[in-house]
Amino acid sequence: MGHWEWPLVLFTVLGQTSVGIIFCLWLLERKRGKQAVPASPEYQSFIQSSVLVSGVLLAAAMIASLFHLGHPLAAYRALTHLGTSWLSREILLFVFTFGAWAYLALLSRKPGSKLTGILALTSVLGFLGIISSALIYTLPRVPAWNNLGPTIFFLMTGIILGTLVTAVLGRKALAAGEMKQILSIALGSVIVSAILYLLYFSLLEATPEGATTAQVLLTSPVFWLRAVAGWILPILLILNAISKKANPQSQLILLALTCGVVGELLGRGLFYASAVGIHITALM
């Protein structure tokens with residue numbers, strides 16, 4: 001088992017969560033716009049706090065990524081390889097995402113502002129940034145990564161944690177139907193993530209190197225802790241929260257988020273530690 005690349009673990013998980021939150025806000029705003037539902041002060045406060053949290057997470061992610069570089073102050077040089085490097089495209093897309101977020105943050109402070117468009121743009125830029133992050137690792141020389149696995153699981157992290165953070169922030173502001181929608185997406189995402197991971201193991205068995213990676217994962221106690229914290233417990237907790245009509249669900253949602261964060265951090269750490277390592281600076 002290799003080293004856990006903590007700067008990259010934090011960058012990817014925090015950045016993907018940020019994008020997931022924005023995506024959830026877009027879903028909510030789009031639905032409310034179609035139904036012409038007026039925004040209550042509680043809902044307006046929820047939107048503002050959610051936008052703020054997403055921005056803080058995105059900023060923290062971008063700062064964390066610098067600690068992986070040998071020369072952080074020279075990170076701008078990566079933008080000179082946009083034609084050949086997914087790392088360069090990743091950096092540019094996340095810079096654009098942060099710019100779109102800054103405009104979103106300004107609009108969210110103005111009562112009555114239409115946010116659907118800017119939320120959609122920020123989500124698209126963010127998801128493109130996540131895909132670019134995953135494509136950095138889709139390399140023939142790393143069989144465990146040379147498949148759709150990185151792209152799928154990076155996107156799933158954003159949806160899982162984004163929905164759970166949104167549910168926690170909106171537990172006093174969202175209508176019962178809206179909360180159920182967000183929790184249902186969270187539940188479906190966790191279930192799909194677990195199923196896809198089983199399929200991922202079958203892909204790994206196709207090559208000797210991939211089979212070795214699968215063996216390393218399955219014999220690691222950390223993987224089984226990741227499975228319990230990131231899949232089993234969130235599924236049980238979200239199901240329980242959905243079944244409750246009153247708001248004792250708040251503690252269940254918070255606990256599901258806590259388990260989800262632990263599970264995704266462990267899973268991302270295993271991602272970097274269980275395959276042949278690559279140095280990001282070498283791709284710049």
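What you are looking at is a predicted structure, and each value in this text was computed from that prediction instead of being measured.
The aromatic rings of Tyr43 and Phe46 sit tilted, their planes meeting at an angle between 30° and 60°. Between Phe271 and Phe154, the ring planes lie perpendicular to each other; the angle is over 60°, past the 30° to 60° tilted range.
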| request: Take Phe153 and Tyr197 through the ring pair (Phe, Tyr, Trp, His ring centres under 6.0 Å) test and state the conclusion after the steps. | output: CA-CA 8 Å; Phe153 294 120; Tyr197 219 96; 4.9 Å; yes

| request: Test Leu183 against Thr163 for side chain to side chain contact (heavy atoms under 4.5 Å, CB included), laying out the working first. | output: CA-CA 7 Å; Leu183 288 178; Thr163 50; over 6 Å; no

| request: Under the side chain to side chain contact (heavy atoms under 4.5 Å, CB included) rule, what do Phe127 and Ile159 come out as? Steps first, then yes or no, please. | output: CA-CA 10 Å; Phe127 281 128; Ile159 300 299; 3.9 Å; yes

| message | With side chain to side chain contact (heavy atoms under 4.5 Å, CB included) as the criterion, how do Thr17 and Val13 come out once you've worked through the C-alpha distance, each side chain's angles and the decisive distance to 0.1 Å? | response | CA-CA 6 Å; Thr17 303; Val13 172; 4.2 Å; yes

| said: Could you go through Ile182 and Leu28, starting from their C-alpha distance and side-chain angles, then the distance that decides it, and tell me whether this counts as side chain to side chain contact (heavy atoms under 4.5 Å, CB included)? | reply: CA-CA 9 Å; Ile182 295 299; Leu28 292 168; 4.2 Å; yes

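Scanning both residues, Phe223 and Leu217, for their nearest heavy atoms gives CB-O, 3.1 Å. Closest non-hydrogen pair, Ser50 versus Ile21, comes out as O-CG2, 3.8 Å. Across all their heavy atoms, Ala256 and Leu164 have their closest contact at O-CD1, 3.8 Å. The two atoms that bring Ser189 and Ile185 nearest to each other are OG-O, 2.7 Å, heavy atoms only. The two residues Met179 and Arg171 have their closest heavy-atom pair at CE-CA, 3.3 Å. The two atoms that bring Pro7 and Ala64 nearest to each other are CB-O, 3.3 Å, heavy atoms only.
The main-chain N or O of Pro41 is never found under 3.5 Å from a side-chain atom of Ser45 such that the two would form a donor-acceptor pair. When atom types are taken as modelled, the side chain of Ser18 and the backbone of Leu14 share no donor-acceptor pair closer than 3.5 angstrom. Side chain of Glu264 to backbone of Gly260: no donor-acceptor contact under 3.5 angstrom is found. At least one donor-acceptor pair closer than 3.5 Å links the side chain of Tyr200 to the backbone N or O of Ala144. Checked by atom type and distance alone, the side chain of Trp224 never pairs as donor or acceptor with a backbone atom of Thr219 at under 3.5 Å. Side chain of Ser184 to main chain of Lys180: a donor-acceptor pair is present (N/O by atom type, distance under 3.5 Å, no hydrogens or angles). Put simply, the side chain of Ser65 gets close to the backbone of Met62: a donor and an acceptor are under 3.5 Å apart. Side chain of Trp101 to main chain of Val51: a donor-acceptor pair is present (N/O by atom type, distance under 3.5 Å, no hydrogens or angles).
In the hydrophobic clustering of ILVMFWY residues, with side-chain heavy atoms under 4.5 Å counting as a link, Val56 and Tyr103 come out apart. With hydrophobic clusters built from ILVMFWY side chains whose heavy atoms lie under 4.5 angstrom apart, Ile152 shares a cluster with Ile130. By the criterion of side-chain heavy atoms lying less than 4.5 angstrom apart, applied directly or through intervening Ile, Leu, Val, Met, Phe, Trp or Tyr residues, Leu148 is grouped together with Leu270 in one hydrophobic cluster. Both Leu27 and Val19 are members of a single hydrophobic cluster when ILVMFWY side chains are connected at heavy-atom separations under 4.5 Å. Taking hydrophobic clusters as Ile, Leu, Val, Met, Phe, Trp and Tyr residues chained together by side-chain heavy-atom distances below 4.5 Å, Leu203 does not share a cluster with Phe201.
Considering only heavy atoms from C-beta on, Leu139 stays 4.5 Å or farther from Asn146 through its side chain. At a threshold of 4.5 Å between non-hydrogen side-chain atoms, the residues Glu29 and Ile47 count as touching. Side-chain atoms of Val142 and Tyr137, non-hydrogen and from C-beta on, never get closer than 4.5 Å to each other. Contact annotation: the side chain of Ser132 never approaches that of Phe94 to less than 4.5 Å [non-hydrogen atoms, C-beta and beyond].
Rounded to the nearest 0.5 Å, atoms CG (Leu254) and OG1 (Thr258) are 4.5 Å apart. Between atom OG1 of residue Thr12 and atom CD of residue Glu90 there is a gap of 9.0 Å, rounded to the nearest 0.5 Å. Distance check, rounded to the nearest 0.5 Å: CG of Leu161 to CG of Leu265 gives 8.0 Å. In this structure, CD1 in Ile22 is found 10.0 Å from OG1 in Thr97, a value given to the nearest 0.5 Å. Between atom OG of residue Ser243 and atom CG of residue Leu252 there is a gap of 8.0 Å, rounded to the nearest 0.5 Å. Of the inter-residue distances, the one linking Glu42 atom CD with Lys172 atom NZ reads 10.5 Å to the nearest 0.5 angstrom.
For residues 108-124, every residue pair satisfying the side-chain hydrogen bond (donor to acceptor under 3.5 Å, both in side chains) rule, not counting sequence neighbours, is listed here: Gln48-Arg109.
Around atom CG of Leu236, more than 12 heavy atoms belonging to other residues, nucleotides or ligands sit under 6.0 Å away.
Geometrically, Arg268 does not engage Trp6 in a cation-pi contact, judged by NZ or CZ lying under 6.0 Å from the ring centre and within 45° of the ring axis.
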